Amino acid sequence: MPGSVFTFYSYKGGVGRSFTLANVAVLLARWGNRVLCLDWDLEAPGLSDYFREKLTGPPLRGVVDLVDDFRAGRFDPAMHITRLTGVGALDFVAAGREGAGYAGRVQDIDWEGLYDEGFGDYLERCREWWTTEYDFVLIDSRTGISDIGGICTAHLPDHLVVLFTANMQSVRGAVDLARRADVARDRMPFDRPRLTVLPVLSRFDNREEYDRSEKWRRICVEETADLYRTWLDQTVDADTMSRHLTLPYVSYWSFGEQLPVLEEATPSADQIGFALETVAAVIGHRLDRTDLLAGNRDAYVATVREVRREFAHEVRVSIPRSSVKVANALVAELERLDVRVGKSLSGDRSLLARAEDDARHLCLVIDGKVSRWQSAEIELFLHRTLGQDRRVIPVLTPGTEPNALPGYVGNLRYLRLGPSRGPAEVARDLVGQLQGFTPLVDADEPDLAALLRQTLQAWLRPPLWDLVDELVQDLRAAAGGGDDARVKDLAADLALAIKPRSPNGDRHHGVPLETRKSIDMLLHVLDARAKTTFQHTNHRKDLG
């Protein structure tokens, strides 16, 4: 899949555009993406100041050198790139080499004349190279309306991120520029879809004068409402999305060029790192799956954060204090099978403080009942897992009755320890589950979540996708209503519909957008149903 180009633009200065871009770039790179940043604010470059401590030395080349390359008939975009250290695969193209001659070089550039000479085609070649080498290309555009702004807002991007503050000049200027860019884009001789625009309300302070701040929030939503229509899920309103796309004003970060995402390891909801993570996740999802963001922000961020993530452990074994000896024996057997194993002992509060899981899957050693601590551990795991292929695998000690377990555990395929099945045998079966050799649930129960993820990867003829869409809609109704028998029948039909077939000359397609949205919504329903069962079970325990 080719990379995506995002231009960050603001009509007025002082809104935190470069600050936002730099922090989003660091997050995307830390999440495993290949990221390129270009400082195209040629008259007032400043992006390098945010990256100064991560640069191995001052950049020797930059964007202005692309003009020299074009005039010399030279094409080598890689030569202008500087690699940053310590933040993943993050590369940087500065505005140009710093020095006394830089300003004159910028002033001598006639952009309109360059385009008449074919510079637009040259930039198109650069863009193709950038999107081949990188997952995300982030461009820092200058403020106002200019020739350079047209290159950054109309020619190069797939998506436009417009930052504005809560005043009419800032918000209306940003909206007007987005409209101008769309018109200019239509006149260009390059194949581009309609420009999608992400409005970000920046430096917003609602800690004091709450009523006044809410009035201005409503004004900003009304002014930018049209910008949401091309990408926002129909079930999500603009006000909800605007709150997710608001960067708070925090005076501490207003001094100098700083990267709070490197210092706020586990940001709370009132910290700027939390809001920057949300904006980065929307960009990471390429403005998709906004229904999931509205329902579960943490799961939305975790989904994009862990797409390319390498977990330190393949499985974490949750150990009740009553079964430490046998659980440790199970861990030892898994390690003999070359499985990377982590352990969590009931009462280990460090688990709750982590920003994310360090293990892909969770194995619960259950001795008689699911402890309160394990219930909290499962809830945390489920909260971080929505939309991902991560599993909960129960291992029951002798005497533990599966029918007495809460539904969110009892419905899963469990493994049992016993006189004839010790830790070694259970470890082998557990590895079989991790490698997909056995289903997640008992043979007579459909593993609907796994089936839906398999559907997302299928390639089918259009008529079959129509059938799949109908089945998914029916499954949503059945799952939401708790009709397990109907779910089982529909799941069997879905498995048959997506079964691989010989092409026979027919053209096959990946999952259509609307069907994918329906599947994502159904996964959300399944997750909500599991959590409801969890909460109901805990409530009964509290009453008992």
Side-chain angles (χ1 to χ4, degrees), residues 4 6 20 24 27 158-164 166 171 174-175 178 182 193-202 204 206 213-248 269 274-305 307 382-388 449 452 456 469 472-473 475-477 479-480 511-532:
S4 298
F6 285 79
T20 303
V24 166
L27 285 170
D158 299 298
H159 311 280
L160 188 60
V161 182
V162 293
L163 289 96
F164 54 90
V171 64
V175 171
D182 218 13
R194 183 175 181 182
L195 188 67
T196 51
V197 183
L198 186 69
V200 176
L201 175 56
S202 183
F204 189 71
N206 63 351
S213 68
E214 283 301 297
K215 173 187 175 182
W216 270 100
R217 183 190 293 278
R218 289 192 297 272
I219 291 172
C220 291
V221 171
E222 290 170 0
E223 293 291 329
T224 60
D226 286 343
L227 303 182
Y228 291 96
R229 292 200 173 102
T230 59
W231 58 272
L232 185 61
D233 189 277
Q234 294 180 355
T235 63
V236 183
D237 61 83
D239 180 72
T240 298
M241 186 53 54
S242 174
R243 291 177 186 276
H244 284 296
L245 297 175
T246 296
L247 301 178
F274 187 90
L276 288 166
E277 280 188 344
T278 308
V279 173
V282 174
I283 291 172
H285 280 292
R286 294 171 172 83
L287 282 63
D288 197 9
R289 305 190 67 186
T290 49
D291 55 328
L292 173 57
L293 172 58
N296 189 334
R297 178 267 177 196
D298 290 346
Y300 183 82
V301 173
T303 300
V304 71
R305 181 174 58 212
V307 166
L382 291 174
H383 185 68
R384 295 167 170 169
T385 297
L386 183 62
Q388 303 170 66
L452 290 169
L456 289 171
D469 192 67
V472 171
Q473 297 293 343
L475 276 166
R476 281 179 60 180
V511 57
L513 177 60
E514 291 304 317
T515 303
R516 177 152 61 93
K517 289 182 178 180
S518 296
I519 291 173
D520 287 341
M521 180 60 73
L522 180 50
L523 285 167
H524 183 68
V525 169
L526 295 175
D527 177 74
R529 185 179 174 191
K531 289 181 179 177
T532 300

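Numbers here are sequence positions counted from 1. From a predicted model like this one, the values you see are computed outputs, not experimental measurements.
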**OP:** Could you tell me whether a side-chain N or O of H285 sits under 3.5 Å from a main-chain N or O of Y300, the two making a donor and an acceptor?
**Re:** yes

**OP:** List the atom of R217, the atom of S242, and the distance in Å for their closest heavy-atom pair.
**Re:** NH1-O, 4.2 Å

Subject >> CA sep, side-chain torsions, deciding dist, call: M241, V221, side chain to side chain contact (heavy atoms under 4.5 Å, CB included) >> reply: CA-CA 9 Å; M241 186 53 54; V221 171; over 6 Å; no

**OP:** Could you verify whether a donor N or O on one side chain and an acceptor N or O on the other, from R289 and T303, lie under 3.5 Å apart?
**Re:** no

Original post:
Does any non-hydrogen side-chain atom of V171 lie less than 4.5 Å from one of W216?
Top reply: no

**OP:** State whether the side chain of T224 and the backbone N or O of C220 hold a donor-acceptor pair below 3.5 Å, judged by distance alone.
**Re:** yes

Original post:
Quick one: side-chain hydrogen bond (donor to acceptor under 3.5 Å, both in side chains) partners of T278, sequence neighbours excluded?
Top reply: R297

Subject >> Partner set under side-chain contact (heavy atoms from CB on, under 4.5 Å) for S202, not counting sequence neighbours >> reply: L163, L247

Subject >> Partner residues of R218 under the side-chain hydrogen bond (donor to acceptor under 3.5 Å, both in side chains) criterion, sequence neighbours left out >> reply: none

**OP:** Kindly write out the residues that satisfy side-chain hydrogen bond (donor to acceptor under 3.5 Å, both in side chains) with H159, not counting sequence neighbours, or none if the list is empty.
**Re:** T196

Subject >> Qualifying residues under salt bridge (Lys or Arg N to Asp or Glu O under 4.0 Å), relative to E223, sequence neighbours excluded >> reply: R172

Subject >> Partners meeting ring-ring contact (aromatic ring centres under 6.0 Å, His included) with Y228 (sequence neighbours left out) >> reply: W231

Original post:
So do L201 and L245 actually touch side chain to side chain, heavy atoms under 4.5 Å?
Top reply: no

Subject >> salt bridge (Lys or Arg N to Asp or Glu O under 4.0 Å) partners for D158, two or more places apart >> reply: R127

Subject >> Residues that Q473 engages under side-chain hydrogen bond (donor to acceptor under 3.5 Å, both in side chains), provided they are two or more places apart >> reply: S518

**OP:** Give the C-alpha distance, both sets of side-chain angles, the deciding distance and a yes or no for side chain to side chain contact (heavy atoms under 4.5 Å, CB included) between V162 and V200.
**Re:** CA-CA 6 Å; V162 293; V200 176; over 6 Å; no

Original post:
Would you say D520 and L292 make side-chain contact, with heavy atoms under 4.5 Å?
Top reply: no

Subject >> Test salt bridge (Lys or Arg N to Asp or Glu O under 4.0 Å) applied to D288 - qualifying residues, sequence neighbours left out >> reply: R516

**OP:** List for me each residue that meets salt bridge (Lys or Arg N to Asp or Glu O under 4.0 Å) alongside D237, sequence neighbours excluded, and say none if there are none.
**Re:** none

Original post:
Looking only at heavy atoms, which two atoms of A178 and L160 are closest? And how far apart?
Top reply: CA-CD2, 4.1 Å

Subject >> Lys/Arg N to Asp/Glu carboxylate O, R243 vs E214, below 4.0 Å >> reply: yes

Original post:
In chain order, what residues pass the side-chain contact (heavy atoms from CB on, under 4.5 Å) check against D233, with sequence neighbours excluded?
Top reply: T235, V236, T290, D291, K517

Original post:
With sequence neighbours excluded, what pairs up with H244 under the ring-ring contact (aromatic ring centres under 6.0 Å, His included) test?
Top reply: none

